[in-house]
Each structure stands twice: as C-alpha cells, then as structure tokens.
Amino acid sequence: MANPKRDPKLRHIVLTSHPTSYGTKPIPIDWGNADPGQRSPLIGTLTDPSHRNVIGTHSGSYAIYRALAVVQGSLKTDHRADLTNTSPFVKIGPYPSWADPGKIVALDPFGAVIGEAFTEYLEKGYDIRPTIAITKAHINMPELYEAATKGRLTIDGKIMKENGDLVVTKAAIEPVWYLPGIAQRLKVTESDLRQALFEQTGGMFPELITRPDLQVFLPPIGGVTVYIVGDMAAISDPDRPVAVRVHDECNGSDVFGSDICTCRPYLVHGIEECIKTAQEGGAGVIVYYRKEGRALGEVTKFLVYNARKRQTGGDRADAYFERTECVAGVQDMRLQELMPDVLHWLGITRIDRLVSMSNMKYDAIINSGIEVVKRIAIPDDLIPADAQVEIEAKKAAGYYTEGEVLDPESLLEIKGRDY
C-alpha cells in the first residue's frame, strides 16, 4: 500500500543516464580554478536533474538513510536546507593549494563557503549544499585531564580549561572526488578508475560509464573530521610550530577501549602533542578519517581478530599482516595517497611534529610536497599488553621507530593472549 505521507506526484524514472536524457547541458566545472565563480559550484541536487553537474549525491553513505526517511514519509523529496546562520565560525583559506588541481582532488576546498562563493547561483534558485561545516566545541577525554594532573599538560584556562575541557575548532568534510585527479594520483587511467568504481558498487552509478562530461563524484563513503587546537593562523605560518596526527577510525579502541591495538592511546598521545604545540604558540591538528579496519570494514577486522587468535601458535607478530591478507585479500585499503588533501586544504606546508609511525602516511605527506621535520612514535608505556603483536609487526614491516626492530627469530616470540 502506498504511504499517504509521501508526495502524491507521479515520477518518471529515467533508467539511462546518457547526456541527451538531461536536455540542458550542466554547468561545467573548472577544477582547480582559484576563483570559485569560475570554478563553478558542485550541484548534486535531486530536486532538479537538469542542474546536476556531479555523479552521486551529498551525505555519503548517509544518503541511504535519507532514502529511508523519504520512503517512510518523514522527509519530503523537495526539501531544501535552510542554511541561515550555518556559515563557518572560523575562516579557513583560501590558500594557494586550493588553486592547484594536483594538490586537492578528494574534497571541495570551497565546500564550507557556498553562501559567499556562489551567491549568484543561489539567487537563481540552484540547490547547492555545503560539503564542509566548521564549528567550535569543547571536548573532554579523561586521559587528557590525567596528563594534566601528572604534569605532562598545562591547564592554561584558554586552550585547556580547569575541568580538563579542550577548546577546539572542528570541521566535518564530505568526500568530493575529482575523477581525473584521483586517477592521476593513483597512477591509473580515468576510464579504468570509472570502470572499477562502477563494477565494485554493483552498477550503482551508471553515470561513471555514460557521463564522461561529469568529472566530479560524490562517493557513498564516510568523510573526515578535523580537530584544530590553538590559533588557526599558526597552521599556515612557517614561523610557528605545527603538530599533526592523522588517525584512521578504530571504533573498538577509540570509543570502547579495546586493547588489541594502539589506536586510542596513540590518538590521545597525538592530542597531547597538539596541545603542547598550541601552548607553545603554534597549532595542533587531528585529522580523523572514517576508514574503519584499514578501510576493510569492521566485520573484516573482527574476522581477522578471530583468525589471529585461533591460528596455530596463537596470535603471533610474525603472522600479523598475513592473517589480514588471507581474509581480505590485501593488507590495507586506506589509499593514503588521497589523505594529504585535507592538509593542503588547511594550508599546511610544514609539519614540525608528525605523530605517526606509519610509513605509508609519511610517504604520502612528503610526496605531496609537505615538509616533515620530526616524527613521533607512540611511547612504549602507552602500548597495551595485547597490542605488542601489532606494534612489533609494524616496526618489523618498516614503520618508524627509534627503538629496537626485532629480527625474524625474535618476532616469533611476540604473542598475544588467548580470548
């Protein structure tokens, strides 16, 4: 039975997506143009198909929930967001990197300022949505307050409040992929990229194949959140220090404190370094990507945990990466080549303290043209007992460390506990 709450109008569904089916040619996008008016807005509207100039739609994977709200009748299909008073609390950019089509290919640098950048289009009735939102907040983590009581951090009343609250600027960013740039970054052809995206999403986006004129894709994946500590102006000031921790989501550790990995302890340590750097007159940046389980997913991650614990000899450091590859077919799918884009959006040209042991992240950052002065590993006393398998395996695989790297024979002795 039809839902009485839904819009009663009949809708004609177009199953082909070739350019002629849309009539009016969409507004072309000149990616990398320093003038947003000349670059043109990204229009993923569902209310007027003739205006669309991108593949996909806003909100990433949350678009599926929007569909459920529509079919259930709680959301009208023609709803347009009222963006009154939603503009950024803090101004970011523009920076020279915004006008370099090779520096930023995985997000829209103008995504937070559509109200001022695309006023003319909005006045003409185009439904343009932000892909970035910037706000301010207080965050509170018990480990940070404990660090202050032990003297590792200073409560200054400005960056860190008396109750342990940390004052931050934070930005939420939806992914926006410029397909020619993504292909170039990954060293593949654009046609091969489009074909793979089409096939591996079960044909969800036929425009990837049929609309070569549409070069921007809004992928149905999780985005990224940036937490900034200290003076925003320090981030792009070469005379002031900047600390950065790029962290990939780990729900089990980050939220629930699972001790099989180092994720939450390393995240907290990164925040500590950011606070110290901010209090020295610089700024700290935490970049939090939604790439659960090395972008393999949480189900795959838990399957790997089971395989590690049940294999002959137990959870062994020498087989750490092997078990992941056996289940997933690959050790890691995070594609760190795309990761530095958010750093370029922030105007970062030098990182004084990179809080990361990952060789993949480090290589991606320096290959993108950002200088790294110093790398900071997680202190030994912050590594959970059951995470020794992970940390020793990573060091043996080439991750950064100032400590000892075990030889293959010694690696055999590093084992995790049974469940």
Side-chain angles (χ1 to χ4, degrees), residues 27 29-45 53-54 56-63 80-101 103-123 126-137 139 167-178 181 216-219 221-236 242 244 246 283-290 338-349:
I27 298 170
I29 297 170
D30 181 14
W31 192 269
N33 196 309
D35 181 349
Q38 295 296 317
R39 200 289 303 268
S40 300
L42 309 180
I43 307 171
T45 178
N53 64 357
V54 301
T57 185
H58 293 296
S59 301
S61 57
Y62 292 100
R80 294 186 63 164
D82 179 355
L83 299 176
T84 304
N85 293 330
T86 63
S87 59
F89 262 89
V90 176
K91 180 179 174 59
I92 294 179
Y95 298 108
S97 54
W98 292 23
D100 185 338
K103 293 291 187 186
I104 299 178
V105 300
L107 59 89
D108 176 12
F110 299 104
V113 291
I114 64 167
E116 60 186 77
F118 306 116
T119 304
E120 180 181 349
Y121 289 95
L122 292 168
E123 290 176 347
Y126 284 87
D127 183 12
I128 307 169
R129 305 290 176 94
T131 57
I132 300 176
I134 304 170
T135 189
K136 296 183 74 67
I139 62 173
V167 180
V168 299
T169 296
K170 60 181 182 179
I173 304 172
E174 291 181 3
V176 175
W177 287 4
Y178 175 56
V216 174
F217 177 40
L218 307 183
I221 60 175
V224 57
T225 309
V226 181
Y227 293 84
I228 301 166
V229 185
D231 184 2
M232 182 71 66
I235 293 177
S236 57
V242 175
V244 172
V246 178
V285 178
I286 299 292
V287 181
Y288 194 90
Y289 272 96
R290 299 313 192 285
L338 305 180
M339 172 269 294
D341 288 35
V342 67
L343 305 177
H344 290 293
W345 174 67
L346 291 167
I348 293 175
T349 58

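For reference, positions follow the sequence shown, starting with 1.
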Please name the pair of heavy atoms, one in [X] and one in [Y], separated by the smallest distance, quoted to 0.1 Å.
X: Gly111; Y: Ile114; value: O-CG2, 4.1 Å
X: Ala34; Y: Pro36; value: O-CD, 3.4 Å
X: Arg129; Y: Arg80; value: NH2-CA, 3.8 Å
X: Ala63; Y: Thr57; value: CB-CG2, 3.7 Å
X: Ser97; Y: His344; value: OG-O, 2.5 Å
X: Leu83; Y: Pro130; value: CD1-CD, 3.8 Å

Going by heavy atoms in the side chains, are [X] and [Y] under 4.5 Å from each other?
X: Ser40; Y: Tyr121; value: yes
X: Tyr126; Y: Pro41; value: no
X: Met339; Y: Val342; value: no
X: Ile29; Y: Val54; value: yes

Inset, instruction - Could you note down all residue pairs passing salt bridge (Lys or Arg N to Asp or Glu O under 4.0 Å) where residues 86-99 supplies at least one of them, sequence neighbours left out? - result: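 Residue pairs passing salt bridge (Lys or Arg N to Asp or Glu O under 4.0 Å), neighbours aside: none found.
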Inset, instruction - Please answer whether the main-chain N or O of Thr45 pairs with a side-chain N or O of Asp127 as donor and acceptor at a distance below 3.5 Å. - result: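 Judged by distance alone, no pair lies under 3.5 Å.
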Inset, instruction - Indicate yes or no for a side-chain donor-acceptor contact from Asn53 to the backbone of Ile27 under 3.5 Å, with no hydrogens or angles considered. - result: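 Yes: the side chain of Asn53 pairs with the backbone of Ile27.
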Can you tell me how far the [atom1] atom of [X] sits from the [atom2] atom of [Y], to the nearest 0.5 Å?
X: Leu218; Y: Ile221; atom1: CG; atom2: CD1; result: 10.5 Å
X: Leu346; Y: Tyr95; atom1: CG; atom2: OH; result: 7.0 Å
X: Thr86; Y: Ile134; atom1: OG1; atom2: CD1; result: 11.0 Å
X: Asp108; Y: Trp31; atom1: CG; atom2: CH2; result: 5.5 Å
X: Arg39; Y: Phe118; atom1: CZ; atom2: CZ; result: 4.5 Å
X: Phe110; Y: Ile132; atom1: CZ; atom2: CD1; result: 10.5 Å

Side-chain donor-acceptor pairs of residues 169-178 under 3.5 Å, sequence neighbours excluded:
from	atom 1	to	atom 2	distance (Å)
Thr169	OG1	Lys136	NZ	3.3
Glu174	OE1	Ser59	N	3.2
Glu174	OE2	Ser59	N	3.3

Please tabulate, one pair per line, all N/O donor-acceptor pairs under 3.5 Å involving side-chain atoms of residues 222-230, not counting sequence neighbours.
from	atom 1	to	atom 2	distance (Å)
Thr225	OG1	Arg290	NH1	3.0
Thr225	OG1	Arg290	NH2	3.3

Inset, instruction - Step by step, work out the side-chain contact (heavy atoms from CB on, under 4.5 Å) result for Leu42 and Thr131. - result: CA-CA 9 Å; Leu42 309 180; Thr131 57; 5.6 Å; no
